[in-house]
Amino acid sequence: MSELRELYQEVILDHNKNPRNFKKLDEHSHHANGHNPLCGDKLELFLEVEDDIIKEISFVGSGCAISTSSASLMTQFLKGKSIEDTKQYFEYFHDLVTGKQLSDDELEHLGKLAVFAGVQEFPARVKCASLSWHTLMNALDSTEQTAATE
Amino acid sequence: MFDVQKIRKDFPILQHEVQGKPLVYVDSAASTQKPQAVIDSISELYSKHYANIHRGVYYLSQKSTALYESSRETVKNFINARDAKEIVFVRGTTEGVNLVASSFLEPLLEVDDEILISEMEHHSNIIPWQLLAERKGAKLRIIPLLENGDLDLAKLPELLTSKTMIVAVTQMSNSLGTINDIATIIEQAHDKDIPVLIDGAQSIAHMPIDVQELDCDFFVFSGHKIYGPSGIGALYAKAEILESMVPYQGGGDMILNVSFEKTEYNEIPYKFEAGTPNISGAIGMAVALDYVSEIGISNIDRYEQDLLSYAVEQFGQIEGLRFIGTAALKGSIISFVLDGIHPHDVGTIMDMEGVSVRTGHHCTQPVMEFYNIPATTRISLAFYNTKAEIDQIAASIKKVKELMG
Ligand SMILES: Cc1ncc(COP(=O)(O)O)c(C=O)c1O
């Protein structure tokens, strides 16, 4: 049961029930769809980027608690961050959920996102946590394709 | 007498623990576990009798060939075909459908012809037809679902047109559990001289099958869904239809005479079995069918129906749980959704309680689309499951609700 509590922490449950930045952005510079065909998770991500800074970021879609809360926390976390830093955070986050060792410094960079460390114990759920991030990278590449988690 | 505790002892995997808890395996619609007899038959083959088949004049090859061919006889008897030559060994249901699409329908199909399937088909009984329809400019038409998970057979007369070249439907839905009235479908199709393929992937393990009584033209199933190995299955087709079909793959064993100018094909069913087949698979599958016959498929059916009623009663009491698929005639499959909780989260939490359930679209995305849900949690029961396990599952569903609040 303790691994489950690790996975489904209060923050995650809260963001699942009340996802933040859950809306479409009429004005946006970047946009992408993400889809996890295995479990049917779907999300649509919107970004307004100005001078290489994420001014606005939002999402809509439907998915499991892990994917919804991951998208919600990601949008909260990235608002105001630079594109360059964002790419670095993607790497850290990916390492975190796939169970690679992160330095204390790197962990600190991830802030609240560290709650997803519990995912590494559940290999089948890594894709759920990383769907929004893969979609983000696609949006930034501005390819209007649907991101598929590998 | 049906003694489930005795049966459970036949399945070594059921003695194991998962996540520190006794395994509750309720994903038998995806694949069934294997009895010791099947496991032993494969090891025995390789330890004592193995050689390639249909080739050598030496003892081992003769022995191996005899075992392989008697497996065909076992399949024939299990589904009551007229003749063993009507049984083609294939990789499974998927290959069986593909074989019929390529070797039977493709040469006959013309532009604007129609292939009739249903809204509840598994992807493996959709895509082979879709691919063929695209190649030939033909159309795929669909028997629609009703809200309770039955097919809307009232629409059948208008869907069976002068353009319909085949009807391909499942006897039992893998995501809803619905048992279809295939007798009616076959009768109406035959009235208009349209051949019918029955996908028996799910039904084979749960009810007696008599292809002569059904009078279906094709029947396909997979060994791994009836307690046998994976990578093996059977296609039944009426002999006169098999005779008329073109070969599927080319290779060894499917020929009588080969020269660079012309090849004379082997007789049925060998014409459709190119290359060295899954010898141990066929033998293992036959042992599985014998195992099921010994217990009695009707006894299995009765026991599973009793389990199903009990499970519906228990799960029905859980607040916020909605069944997907409530047809009157169902096999032992229960799909459900929980209010506000995604099936993927349900599956992870139940797994930690030792319960192996399937969550997702179950390779039936059109069914999910119909109910406007992304996925379901599916509990599929076999004759090795118990009421105590159902209690344990109900408790684990309650735990999901507790944890996800
Ligand atoms: C109704 C139905 N048809 C076809 C299949 C495909 O069977 P296989 O993957 O063994 O070829 C399945 C298996 O999930 C099924 O449930």
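All values derive from a computational prediction rather than experimental measurement. These numbers come from the heavy atoms of this one structure, side chains and all, not from hydrogens, waters or symmetry mates. Every chain is numbered from 1 and lettered A, B, ... according to where its sequence line falls, protein lines coming before strand lines.
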Inset, instruction - State, yes or no, whether a side-chain contact exists between R125(A) and D345(B) at a heavy-atom distance under 4.5 Å. - result: yes
Legend entry - Nearest non-hydrogen partners of M404(B) and K17(A), listed with the distance: O-NZ, 3.2 Å
Legend entry - Partner set under side-chain hydrogen bond (donor to acceptor under 3.5 Å, both in side chains) for S380(B), not counting sequence neighbours: none
Inset, instruction - May I ask you to check whether over 12 heavy atoms, not counting those of K42(A), lie within 6.0 Å of atom NZ? - result: no
Legend entry - Residue I12(A) versus chain B: region with a heavy atom under 4.5 Å: neither
Legend entry - More than 12 heavy atoms from other groups under 6.0 Å of CG on D51(A): no
Inset, instruction - Check side-chain hydrogen bond (donor to acceptor under 3.5 Å, both in side chains) between Q171(B) and all other residues, then give those that pass, not counting sequence neighbours. - result: S203(B)
Inset, instruction - Take atom CD of Q15(B) as the centre, draw a 6.0 Å sphere, and report whether it contains more than 12 heavy atoms from other residues, nucleotides or ligands. - result: yes
Inset, instruction - Could you check if a side-chain atom of H342(B) sits within less than 4.5 angstrom of a side-chain atom of D41(A), using non-hydrogen atoms only? - result: yes
Inset, instruction - Look at atom CD1 of I53(A) and say whether more than 12 heavy atoms of other residues, nucleotides or ligands are closer to it than 6.0 Å. - result: yes
Legend entry - Validation row: Y8(A), T348(B) side chains within 4.5 angstrom (heavy atoms): yes
Legend entry - Minimum-distance pair of heavy atoms, taken over all atoms of C64(A) and H344(B): CB-CB, 3.8 Å
Legend entry - L403(B) to L13(A) - nearest heavy-atom pair and separation: O-CD1, 3.4 Å
Inset, instruction - Answer with side chain, backbone, both or neither: which region of A124(A) has an atom nearer than 4.5 Å to a non-hydrogen atom of chain B? - result: backbone
